[in-house]
Asker: 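Let me give you the structure first, and then I'll get to my questions.
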Amino acid sequence: MDKILAGLNKEQIQAVTHQDGPLMIIAGAGTGKTRMITQRIGWLINQGLAKTDEILALTFTDKAAKEMQERVDILMPYGYTDIWIFTFHAFGDRVLRENALVAGLNPDFKVLAGPEAAVFFREHLFEFALNYYRPLAEPTRFIEALISFFSRAKDEDISAADYLKYAQDFLIQVKAGPLDQANEELAVQQLEVAGAYVKYQELLAKESLVDFGNQFYLSLELLRQHPLVLRHYQKQFKYILVDEFQDTNFAQFQMVKLLAGCLKNITVVGDDDQCIYRWR
């Protein structure tokens, strides 16, 4: 115990030894935010408040996750096993693989990197009902932009079905109003993008493929659509910790809220001044 709390100031000790309920920690760069999370993991285990597989720690980069794992390992004199320390996407991948059949996927599904997703789209290009976004002079011009848009929509927790409904409603609204050719063109473009989003998701599912955006978003949909699966993870994770919380997107925030469940034993650490997605 002395090893875990050694070198911490009063505020850090207060955060590390917080027991139940939500805890938000806002601190500047170089104040030991990530260290506090690792010390808290060690403290929870040493206090017997949670077993190693009952703690979920989430961060944003593989490097940060590896560093957190190494720090926790040092704190545990006997080593540790089964602590879930992941990036959001790696966590989503594990949830999907553990529940692949429920999610309608092959357990050995392949995750497409960005260039691979572009190649996949190009191979199926003429299966998409595209006009504006498949110009005759350069049919592949908008492929990467479309994939990036789909990924952004998933970050904002907008499913293909949701976006299609929005586009259809927008077109109906425009046609019902006074003549506005600019808005009509915009509505047609939006409907084309929405249809492509739906088709893209269908093609990926048909071939049991997952792109980077789906790696996390499909796991969120899985938890929403299957309460039994959600309850399993809510019961498993007694404590949830999120590093660099200021960088969570809307979909990631929804996932964290779902997993926290009724216990709400969630600790988030962040620095608003370092919010790299503020411009969005």
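Remember, it's a predicted structure, so these values are computed and weren't measured experimentally.
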Asker: Determine whether the aromatic ring centres of residues H124 and F120 are separated by less than 6.0 angstrom.
Answerer: yes
Asker: Does R94 CZ have over 12 foreign heavy atoms under 6.0 Å away?
Answerer: yes
Asker: Would you indicate whether E202, at its atom CD, is surrounded by more than 12 heavy atoms from other residues, nucleotides or ligands within a distance under 6.0 Å?
Answerer: yes
Asker: For A194 and L164, which heavy atoms make the closest approach, and how far apart are they?
Answerer: CB-CA, 3.6 Å
Asker: Is the shortest distance from a Lys or Arg side-chain nitrogen in K110 or E116 to a carboxylate oxygen in the other one below 4.0 Å?
Answerer: yes
Asker: Answer yes or no: is there a donor N or O on one side and an acceptor on the other, between the side chain of D53 and the main chain of I83, under 3.5 Å?
Answerer: no
Asker: Can I get a per-line list of side-chain donor-acceptor pairs under 3.5 Å for residues 141-149, giving both atom names and the distance, sequence neighbours left out?
Answerer:
none

Asker: Can you tell me how far OG1 of T34 sits from CE of M68, rounded to the nearest 0.5 angstrom?
Answerer: 5.5 Å
Asker: Do any N or O atoms from the side chain of Q252 and from the backbone of N249 form a donor-acceptor pair under 3.5 angstrom?
Answerer: yes
Asker: Keeping the roles fixed (side chain from Q254, backbone from D157), state whether a donor-acceptor pair exists under 3.5 Å.
Answerer: no
Asker: Run the salt-bridge test on K66 and D62 with the 4.0 Å N-O cut-off and return the result as yes or no.
Answerer: no
Asker: Mark yes or no for whether E192, through its side chain, and Y132, through its backbone, hold a donor-acceptor pair below 3.5 Å.
Answerer: yes
Asker: Under 3.5 Å, is there a donor-acceptor pair between the side chain of T59 and the main chain of A64?
Answerer: no
Asker: Considering non-hydrogen atoms only, spot the tightest contact between L49 and Y239 and give its length.
Answerer: O-CE1, 3.6 Å
Asker: Under 3.5 Å, is there a donor-acceptor pair linking the side chains of N99 and Y233?
Answerer: yes
Asker: Donor-acceptor pair, R97 side chain versus F109 backbone, under 3.5 Å?
Answerer: yes
Asker: Tell me if a side-chain donor or acceptor on E244 pairs with a main-chain N or O of V269 at a distance below 3.5 Å.
Answerer: no
Asker: Quick one: closest heavy-atom pair of Y217 and A251, and the distance?
Answerer: CD1-CB, 4.4 Å
Asker: Looking only at heavy atoms, what is the nearest atom pair of G270 and Q246, with distance?
Answerer: CA-OE1, 3.1 Å
Asker: Please check this pair: side chain of R40 against backbone of H18, looking for a donor-acceptor N/O pair closer than 3.5 Å.
Answerer: yes
Asker: Which atom names give the shortest non-hydrogen contact between S151 and G213, and what distance separates them?
Answerer: OG-CA, 4.2 Å
Asker: Please determine whether a side-chain nitrogen of the Lys or Arg among K63 and E67 lies less than 4.0 Å from a carboxylate oxygen of the Asp or Glu.
Answerer: no
Asker: Give a yes or no answer on whether the side chain of D211 reaches the backbone of N214 with a donor-acceptor pair at less than 3.5 Å.
Answerer: yes
Asker: Is the ring centre of F88 less than 6.0 Å from the ring centre of F91?
Answerer: no
Asker: Evaluate ring pair (Phe, Tyr, Trp, His ring centres under 6.0 Å) for F253 paired with F250, printing each intermediate quantity in order.
Answerer: CA-CA 5 Å; F253 182 52; F250 189 72; 7.2 Å; no
Asker: Is there side-chain contact between L228 and V102, with heavy atoms separated by less than 4.5 Å?
Answerer: no
Asker: Short question: side chain of D93, backbone of H89 - any donor-acceptor pair under 3.5 Å?
Answerer: no
Asker: If only side-chain N and O atoms count, and only distance matters, is there a donor-acceptor pair under 3.5 Å linking K206 with Q201?
Answerer: no
Asker: For V174 and A187, work out which heavy atoms get closest and say how close.
Answerer: CG2-CB, 4.3 Å
Asker: What about the rings of F121 and F128, do their centers lie closer together than 6.0 Å?
Answerer: yes
